[in-house]
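Numbers restart at 1 for each chain; the letters A, B, ... are given by sequence-line order, proteins then strands. We use all heavy atoms of the structure for the numbers below, so side chains are in, but hydrogens, waters and symmetry mates are not.
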Amino acid sequence: SFVGNSLVDMYATCGFFAEAWKVLDDLPVVSIIPWNALLAGYCEGELFEEVLGCAEKMQSQGLHPNAVTYVCILRACGSLVALEKGLLLHADIVKEETEEDPYIGSALVDMYAKFGLLAEAQGVFDELRARDVVSWSALIAGYALWGLDEVARSCLQKMQSENVLPDVVAWNGVLSSYGEEGECEKAFLVYAQMQEQGLLPDDVTFLSILRSCSSTTDMKTGQVIHAQVLGLSARGV
RNA sequence: AGGGCCAGGUUG
């Protein structure tokens, strides 16, 4: 049956949902694992409506969501800005005392951030037992999403004072706030700080920076970044 | 009781 679970996971991960369903329907034992695999596959494909539909179907079969299920549904609610559903979900999670789960915690932070309920996001974050680089990054990305780049940057400092080292995703989160605004100068400054920390930029880093440059006529900075990208790709990054 | 197959953050 573990084989069946893995098959569902594989098909779902590859986006072959018809096949995944077929395997799931033929599995001899009823288990939440293949359902979660399917939900995760829909999440990965960003088919969030399907996530919610699939979760409902799962529950109609008498299966109760576990932590993995909740993480998938929370992510879908956040991305769809399904506010009322997300709030109900949070209430269920609190009721079931599963909010301690670090995965659920950062998924909640992420969801509230996407709703634009930053005080709620911060509130959930503050209650987390263990804040790791992922929960910090969810918070940072949330502030960045709503243009609060200075708050996002201060998070980079705070997390370090709590001995959590920002990784490239955390830094990229800050950079993501400069896309809409086109604040190319700030983006470049953050990029410089990131390098001072000895962190290697990745493709997302450059895409974010270039995006912030694209709405300006700052050709020079764009060219500097172009040169950086070429330099890094020469080193195989 | 514990473990095994599924789950959280950044650009698009």
Could you pull out all residues at least two apart from A:Asp132 that satisfy side chain to side chain donor-acceptor pair (under 3.5 Å)?
A:Ser135
Could you work out, with ring pair (Phe, Tyr, Trp, His ring centres under 6.0 Å) as the rule, every residue matching A:Tyr103, not counting sequence neighbours?
none
Distances for protein N/O vs nucleotides 6-10 of chain B N/O pairs under 3.5 angstrom?
from, atom 1, to, atom 2, distance (Å)
B:C6, O2, A:Asn36, ND2, 2.8
B:G8, N1, A:Asp132, OD2, 2.9
B:G8, N2, A:Pro102, O, 3.2
B:G8, N2, A:Ser106, OG, 2.7
B:G8, N2, A:Asp132, OD1, 3.2
B:G8, N2, A:Asp132, OD2, 3.3
B:G8, N3, A:Ser106, OG, 2.4
B:G9, O2', A:Ser137, O, 3.0
B:G9, O2', A:Ala138, N, 3.3
B:G9, N1, A:Asp167, OD2, 3.0
B:G9, N2, A:Val133, O, 3.3
B:G9, N2, A:Ser137, OG, 2.3
B:G9, N2, A:Asp167, OD1, 2.7
B:G9, N2, A:Asp167, OD2, 3.2
B:G9, N3, A:Ser137, OG, 2.9
B:U10, OP1, A:Lys114, NZ, 3.3
B:U10, O2', A:Asn172, O, 3.0
B:U10, O2, A:Asn172, ND2, 2.7

For A:Tyr11 and B:C5, what is the distance between atoms OH and C1' respectively, to the nearest whole Å?
17 Å
State yes or no: are the ring centers of A:Trp136 and A:Phe125 separated by less than 6.0 Å?
yes
Closest approach of A:Cys72 to A:Cys43 (non-hydrogen atoms, all atoms of both residues):
O-SG, 3.5 Å
Non-hydrogen atoms of A:Val164 and A:Val133 that approach each other most closely:
CG1-N, 3.6 Å
